[in-house]
Every structure is written in structure tokens, then in C-alpha cells.
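A short write-up of the structure that comes next.
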Amino acid sequence: MIDIRLLRDDPAALRANCRRRGCTVDVEALYALDQDYLRLVREVEDLRAERNRLSKLCRDNPDARDRVRDLKTILADKERQQDEVRSAVEQQLAWLPNLLAEDVPEGTTDADNLPLRFWGERPAFDFEPRDHQALGERLGIIDTARGAKVAQAGFYYWTGKGAELAQALFFWAQKQLVARGFTAFMTPCLAKERTLFGTGYLPFFADQTYRLEGEDLALIGTSEQTLVGYHADETLAAETLPLRFTAFTPCFRTEAGSYGREARGIFRVHQFHKVEQIVFCLPEDSPRCHDECQGNEEFLLQQLGIPYRVVCVCVGDMGAPGYKKYDIEAWFAGYGGYREVTSNTNLTDFQARRLGVRFRDVEGRKGFVHTISATAVTDRVVCAILETCQQQDGTVIVPEVLRPYAGFDRIEPPTA
RNA sequence: GGAGGGGUGGCUGAGUGGUCUAAGGCAGCGGUCUUGAAAACCGCCGCAGGGGCAACCCUGCCGUGGGUUCAAAUCCCACCCCCUCCGCCA
């Protein structure tokens, strides 16, 4: 949520931001509506003040009682108007995107994202590398057919050493984050609408959400929702910031409208698994914390030996809540290109304002915290490991750092 | 799922229709005293919104939402949450 004072003080700047981000809210009309609202607030409050004043005389003054009774009718009407206008303003306000960092590149799709740096040597194979789907089938560790049988197309199983490798990766990654000051969480995997709204997933990504019929609950699309929501309606002591949280959860997305896109393999699915990084910090610290999370993401991939590039996500490819976003695209040898494996967003106070996450320091300074939401690793990283670490004979060598967690150093095709 | 009890400021806890402008206590902040600290004493001590250059003024908030009333923390209804016991259960 944008600070409504921005609308009141500088609607032109707000309109420019909306135009740049492709937001269709009519800022001029919203400004006028908000002015109506402010006028109604003053009228209602004046009427209430009058009512309260008269009310004190009522005990021994029957005339005052009659006058207050009349006032009530007028007041009720004004209050109704005020409610209507307020909810109309709020509804449109909820659709306004966050401001943008100055260095966010222009552009409309992921093709316009700005590459910032490359890391690692792409593996040089003297054979035709397989993609993760081919490897997964050959090694018997990814089962999409049974995922579709049991659940639906877009669900899958990790089996055998695939499941063990995935679990090793997630456990290892979380250990690395804990060593870097993060607190580990296991969170609910369902959340109520307010939490999804507060984290900016509603209304913007409503069609991505699995809702439970008859309940105010939906499957989480990411633990960002439950981790940021954790401190909703709380005031955090500035000296405890930044708070660094990590969780490992499944993530559920309907992927409505993306059928057929990236359909091969398990790159785009209805359920995946993610170790997340969340930071709550003071406003002035969010660029630094954003970079810190970026450093963590890159550290993990470097330890795994996966080549990647970092891109600064362009205006058109960034969600409305984001202020600035980096993606990491890992090299997928079998696919033959860079593909997104993590993303890291500075949301500034967009979520904190919606959820009421405030800070207060010892001097009495108050405000909304900033939040950073960053991936650590997901199943996609397991896929990148498969494609990067494959051998000519179809086996996959487990990255060294995962071996103590996996308990084996290679995955081989079944012999039988 | 059944029965009962309860939700009041950072915490504790009084308050059953009208100076509630929410008592008292604890914690916190400032001060007096002290070499320093403690104790004692004095004062301050919620959040949000609106108006004003400002001092300040107004409005709302006692789990949430409705209702009754000139007037609700207090009465009525619904819902949410917590606790205790019983049942079921990974």
C-alpha cells in the first residue's frame, strides 16, 4: 500500500508512477474521491462533537434529548456516505503499485531485464546434455505421471535419491542461513485473506491463489506470506532490527493462464518447495539488507557450483508490490539457457503498511518497517544441480557440500 | 465434537448505563535527593485519524461486527480468539 499522503501531496508524481507501471487506476478521480472523503470526515466529526456536547445536557434537559435524536438521523446518513466513499478509496488504493527505485530498468518482459553479472563456468560437455525431465525419468527420481494421476497435471513426486537430494539441499540451505543470523521457522501452509492482501498477493495475484471453499483460507503461495504476516499489527523495537527469518514450506500456485508455458519438466508446477529469506528492517537499511539477501543467494549457488547470472528486473516484469528486484538465473545445461531460480525483492514499506508492521526507536521515532523477500533455494535449484552435474553415462554427481546431508555422492540409473 | 470460564493500556488489574477525560499497581521516561546507585518523593507515561504556522482542539478505539439508548467497557445478538475438563486423534 502506498502512503495516502502521497496522493494528497503529489498526485502528479503518483500518476507518473502508475503510468510507468501500467496501473489503470485513475489517479485524478481517486484524488477527487479522497477529497470528498476528507470533507465527509470533517462533517461527521463535527456532528459527533455536537452530539457529544448536547448529550451531556440530556440527563436533566428533555429538549436536548429531542435535538440529539434529530442529530442522530443526520449523522447516520453522513456516516453511511463516509463509509461508502472510504471503501471506494481503499479499494482503488489497494491497486496502486509501489514506488520504484531510481535504477529499475525500463522494459516490459523478462527479456528486458538487465544482466548485472555472471558467475561460474558453464560445464563443457562432450555429449548432448539432458534436461532435468530426461534425467529425472532416466534416474527414476522425478515422477510427473503419478503426480498427475494422484493430484493433477502440474504436480509431481520426487522419489528415491531425488527426494533425498532435494531434502538435503533444503536442509543444508537453511543451515547456511541460520549460520548467517536467520531464525528458522515452520509456518502454517494456509493463510487468511487478510494475510495474503497484506503481503500484496491480493488483489494483484488473486488468480494464482488456491482458496478453500467456504473458509477464509487459502494455500500459501510462499512462506513470505506467513513470515511477513507473523508480525502483523505489531510494533517492533528498532534495536531488535533487522529481523532475519527463514522457513521451508511448500508453495501452491494455480498458474492460471500459464498452461503450456514451460510445461516440460517440473520448472513451472502447482506445488513446489522453497527455503525463504525474509528481513524486517528500518527504512534506511533496506538497500543494504536487500544486498545481503542477494549475497546469501549467490553464496548458496556458488557453494553448489551452479553457474548463474544476476539480472535487475525491469519495470514490466516486476510485481506491483516491488520497489526493486533482482533475479538469479541459473545455467540449465540441458535446456541450454539461463532460467530463473531465485528472486529477491525490496518491498520497502508496501507490505508493512498493509499489515501494520511498525517500528519505534528509543528516541520515539516511529514508522513502518521495510521488508525484503528473497528466495534461498527451491526445487528449481535441484533441477539445476541435475543438469549441471550430469555425466555422460547419465549419472549425476552430488555437489560436495550436499554429500554429508544426502549421504551419497552420486545418483545412478536403476540397474534392474 | 460436548460442557464450563474468560478477552480492559507494554504487563497486572478495578470498573454492571452518565465527570470513564478508564482507578490502583508494575515496568518505562524525566526530575529532586546521592560521590554513584538503590530507596523515597514529584511529574510524565496508549494508538489511529482530522483540523491548525503553533500552543492546542476535535473524532474514533476496552477481542471483532451489529443492535438498544439522548448516552454503552457496562445491556442484547452474532462471530473470533484464549483457558479448563470430557471425547476423538498424528
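In what follows, every chain begins at residue 1, and chains take the letters A, B, ... in the order their sequences are listed. If you're wondering where the values come from, they're calculated on a predicted model, not measured in any experiment.
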What integer number of Å spans the C1' atoms of B:G17 and B:A73? 11 Å

How about A:Arg365: does its CZ atom have over 12 heavy atoms from other parts shown lying under 6.0 Å from it? yes

Using the test salt bridge (charged side-chain N to carboxylate O under 4.0 Å, His left out), find all partners of A:Glu412 that sit at least two apart in sequence or belong to another chain. none

Using 30° and 60° as the class limits, which term best fits the ring planes of A:His270 and A:Phe155: parallel, tilted or perpendicular? tilted

Rounding to an integer number of Å, can you tell me how far A:Lys192 NZ sits from B:C79 C1'? 12 Å

Sidechain-backbone polar pair: A:Arg39 side chain, A:Asp34 backbone, donor-acceptor under 3.5 Å: no

NZ/NE/NH1/NH2 to OD/OE distance under 4.0 Å, A:Arg353 and A:Asp349: yes

Pair assignment for B:U32, Watson-Crick or G-U wobble, requiring both distances under 3.5 Å: B:A40

In whole Å, measure the gap between the P atoms of B:C58 and B:G43 for me. 24 Å

Neighbour count above 12 (heavy atom, 6.0 Å) for A:Arg8 CZ: yes

Residue A:Phe272 excluded, over 12 heavy atoms near CZ under 6.0 Å: yes

Using a 4.0 Å heavy-atom cut-off to protein, can you give one letter per nucleotide of nucleotides 46-63 of chain B, 5' to 3': B if the base is in contact, S if only the sugar-phosphate is, - if neither? -SSBSS------BBS---

Between B:U19 and B:G2, how far apart are the P atoms? Round to whole Å, please. 41 Å

Judged by modelled atom types alone, do A:Lys325 and A:Tyr323 share a side-chain donor-acceptor pair under 3.5 Å? no

For A:Phe252 and A:Tyr210, take the angle between the two ring planes, folded into 0 to 90°, and tell me which bin it lands in: parallel under 30, tilted 30 to 60, perpendicular over 60. perpendicular

Write out a two-atom table: protein N or O, nucleotide N or O from nucleotides 15-21 of chain B, distance below 3.5 Å.
residue: B:G18; atom: O2'; partner: A:Arg59; partner atom: NH2; Å: 2.6
residue: B:G18; atom: N2; partner: A:Ser55; partner atom: O; Å: 3.2

In whole angstroms, the gap separating P of B:U69 from CZ of A:Arg69 amounts to 9 Å

Length of the CG-P vector between A:Asp361 and B:G28, whole Å: 19 Å

Same-atom distance (C1') from B:U32 to B:A48, integer angstrom: 36 Å

Which base sits across from B:C61 as a Watson-Crick or G-U pair, both distances under 3.5 Å? B:G46

Which value, in whole Å, describes the distance between the C1' atoms of nucleotides B:G18 and B:A37? 49 Å

Rounded P spacing from B:G5 to B:C89 in Å: 28 Å

Atom P, compared across B:C62 and B:G9: separation rounded to whole Å: 10 Å

Same-atom distance (C1') from B:G10 to B:C47, integer angstrom: 12 Å

